[in-house]
Participant: 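Sharing a structure below in structure tokens format, with a few things to ask.
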There are 2 protein chains.
Amino acid sequence: MIDPRLITLRVFARCGTVGATAELTGYSPSAVSAQLRELQRVLGLQLLAKDGRGVRLTATGRFLVAGSDSLIAEWESLRAAAMEAGDQVQSHFGLGGFSTAAAQLLAPLAATLRSTRPQLEVQVLEADPARCFDLLVAERIDLAVIVAMQSNTYGEDDLRFEQTVLLDDPLDVIIPSDHPLASRERVTLEELASEPWITEAAGSTYHSLFTAAFTAVGVTPRIAHEAVEWETQIAFVGAGLGVGLLPRLAPLRNAENVVRLRLTGKGRPSRRIVAAVRRGSIASPLVQESLDILQKNAERIVAARPEDEL
Amino acid sequence: MIDPRLITLRVFARCGTVGATAELTGYSPSAVSAQLRELQRVLGLQLLAKDGRGVRLTATGRFLVAGSDSLIAEWESLRAAAMEAGDQVQSHFGLGGFSTAAAQLLAPLAATLRSTRPQLEVQVLEADPARCFDLLVAERIDLAVIVAMQSNTYGEDDLRFEQTVLLDDPLDVIIPSDHPLASRERVTLEELASEPWITEAAGSTYHSLFTAAFTAVGVTPRIAHEAVEWETQIAFVGAGLGVGLLPRLAPLRNAENVVRLRLTGKGRPSRRIVAAVRRGSIASPLVQESLDILQKNAERIVAARPEDEL
DNA sequence: GATAACCGTGCACAATAGGTGCATGATTGA
DNA sequence: TCAATCATGCACCTATTGTGCACGGTTATC
């Protein structure tokens, strides 16, 4: 209902480059360029200025983007209310989420929605949290399940989103099964301080979570290897290359020579998993139903942890 | 920036028929029909229902229209603020007004804007007050100068508009120059109670003003003739067919055998002339400038009435 | 300081959304 | 029963809007 060119401008405000905006919105770079030019013509405002080999927003452009937050939210809110009032037959619903979240939470949600609403065309996009927010802004997806980080660029009070906590997913330790501590049920990070650690590349989504866990207990881990996928990390541990942290939700499957241990002691690290939607859309019946399903699923998962004291 | 199909729906909510909506928006009936159908498809909502040989809004449709008021206002407000912030070059500006208002206030405004902003394409539409409001909703015009009636369908608190009082335009009496009272400077309505009156057709814009003037002093006038244009009414009076009320702003020109007299006594009738814009757009620099010009012009007109006591 | 990489934009072309005008069907009032 | 009114479907057309490619300008690298 809001002019798609304004949406494009908002995405550009996040990305900074026409190319990235094109990639995120699904348009070609020329189309984005043309849209932004057209938007300026229609409004009679200069929103962009050349800046080196790229373009940047002018003050007016930033003003417009900032002010449009509430406009978008208002529309989402109105649409949600209208859909609540009328018996809507929404045709498309986009979900976004990151790896384990997508597998453990989004897949069941999509399956449930598919069965309860056969008319609905559910689309799931796997994407990391930052990209999920961008996809929400770009209106490519309507709901995202993401990991809330301390270093999250998007605060809870961001005018563009509304976030709902689903569950806290504790981090476990995975060590080779021939490790001296392998028979233990619980360990502390301090006990593993001198181990060679396997983690993700610096700057990646979980790396900050990794370091935060150690800084909480005042230990500096020795990072021996880097992996991108959980599977790779598990394989490395299985090969005896070191130890690693693995979220409870990430399945170990039938990995050989790898043991999962619960962490104990103070500052047990965990990642908070939240659902995010565009502000205003939370009243939409589809979003409401989705959040209900996610909450129930999250509760079921938490309840299935018999050993969780504290 | 708001989807034109939603604007069309809003106009339809006012008109009630597809044909009238087409006439007001400038589209063809088929286009309006297609737009409304498309809007329902996109939203997945049933907004219209067949009703006899026409269509009417469903409850959901009415809800959406009502809720969109604030959405439109928010956009207007944002655009106005952005245009204030940036140095905009608005290309089109639509003005609407009714007969004398258009001639006395709108024409000078258009001329001034044309000279101060050569780039700007100013368009003036003559239309009665009710239609002016419709044209504002349809976004055919951006500012209207209208006569505020007691029986105004659009209250000051309407979420869609913001109104600014420009001036009060008193009603004068016009009588044949050979009338016994023609030499008087001032008369009261009571003195003319038994005269044959010339007015507009019942139900027309000024008829309610006419009757209100008499009910205020407790007199029931005898309506002898009806005219549509001021010119016609003046000619009738000149022909000795009766007497009539004429707003001060309406020029008498060089009408023969007609004298204009000031009304005195309690409840001197007058019509209030106000400027109306879409809610939110009042902060726009163009609207601000226009209102300034109108206000100044109104003050000049009022100041040119040396005899106005009370 | 040459070269390569990157970024945005203009242009020819294609697709498609969105417009008009007319004919049609349905409904109401004379 | 007939005419008037209203919305809508259809054929057709226009013009907006997207793509792909080439180009010019800017920055980083060697």
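Throughout, a chain's letter reflects where its sequence line sits, starting with A, and its residues are numbered from 1.
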Participant: Just the rounded figure in Å: distance from C1' of C:dA17 to CZ of B:Arg41.
Facilitator: 11 Å

Participant: Short question: side chain of A:Thr8, backbone of A:Pro4 - any donor-acceptor pair under 3.5 Å?
Facilitator: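 Answer holds: yes.
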
Participant: A:Arg56 CZ to C:dC7 P: how many Å, rounded?
Facilitator: 18 Å

Participant: Does B:Thr58 reach the main-chain N or O of B:Gln46 with its side chain, forming a donor-acceptor pair under 3.5 Å?
Facilitator: yes

Participant: Between D:dT17, C:dG18, D:dT19, which one does the side chain of A:Ser28 approach most closely?
Facilitator: D:dT19

Participant: Counting just side-chain N and O atoms, does B:Arg53 come under 4.0 Å of either OP1 or OP2 of C:dG29?
Facilitator: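 No, no such contact exists.
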
Participant: Nearest to the side chain of B:Ala31, which nucleotide is it out of C:dT9, D:dT19, C:dG19?
Facilitator: C:dG19

Participant: Of the nucleotides C:dT9, D:dT17, C:dG10, which has the atom closest to the A:Arg37 side chain?
Facilitator: C:dG10

Participant: If you measure from the Lys or Arg side-chain nitrogens to the Asp or Glu carboxylate oxygens, is any gap between A:Arg117 and A:Glu289 under 4.0 Å?
Facilitator: yes

Participant: Please check the phosphate of C:dA17 (OP1 and OP2 only) for any side-chain N or O of B:Gln35 closer than 4.0 Å.
Facilitator: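 So the side chain of B:Gln35 is outside the cut-off, no N or O lying under 4.0 Å from OP1 or OP2 of C:dA17.
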
Participant: State plainly whether the residues B:Asp69 and B:Arg10 are in salt-bridge range, i.e. N to O under 4.0 Å.
Facilitator: yes

Participant: Starting at NZ of B:Lys50 and ending at P of C:dT28, how long is that distance when rounded to a whole Å?
Facilitator: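 Distance, rounded to whole Å: 11 Å.
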
Participant: Out of C:dT9, C:dG19, C:dC6, which has the shortest distance to the side chain of A:Ser33?
Facilitator: C:dT9

Participant: How close or far is atom P of C:dG19 from atom CD of B:Glu38, stated in whole angstroms?
Facilitator: 10 Å

Participant: Should the side chain of A:Ser30 and the base of C:dG10 be counted as holding a donor-acceptor pair, with the cut-off at 3.5 Å?
Facilitator: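 When only heavy-atom distances are counted, A:Ser30 does reach the base of C:dG10 through a donor-acceptor pair under 3.5 Å.
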
Participant: May I have the distance from B:Asp51 (atom CG) to D:dT8 (atom P), rounded to whole angstrom?
Facilitator: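 One finds 12 Å between P of D:dT8 and CG of B:Asp51, rounded.
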
Participant: For A:Arg131, does its backbone N or O pair with a side-chain atom of A:Asp128 as donor and acceptor, under 3.5 Å?
Facilitator: yes

Participant: Measure the distance from CG on B:Leu36 to P on C:dG18 and round it to the nearest whole Å.
Facilitator: 13 Å

Participant: What is the distance from OH of A:Tyr27 to P of C:dC7, rounded to the nearest Å?
Facilitator: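 Roughly 21 Å, once rounded to whole Å.
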
Participant: Can you check the A:Glu23 CD to C:dC7 C1' distance for me, whole Å?
Facilitator: 15 Å

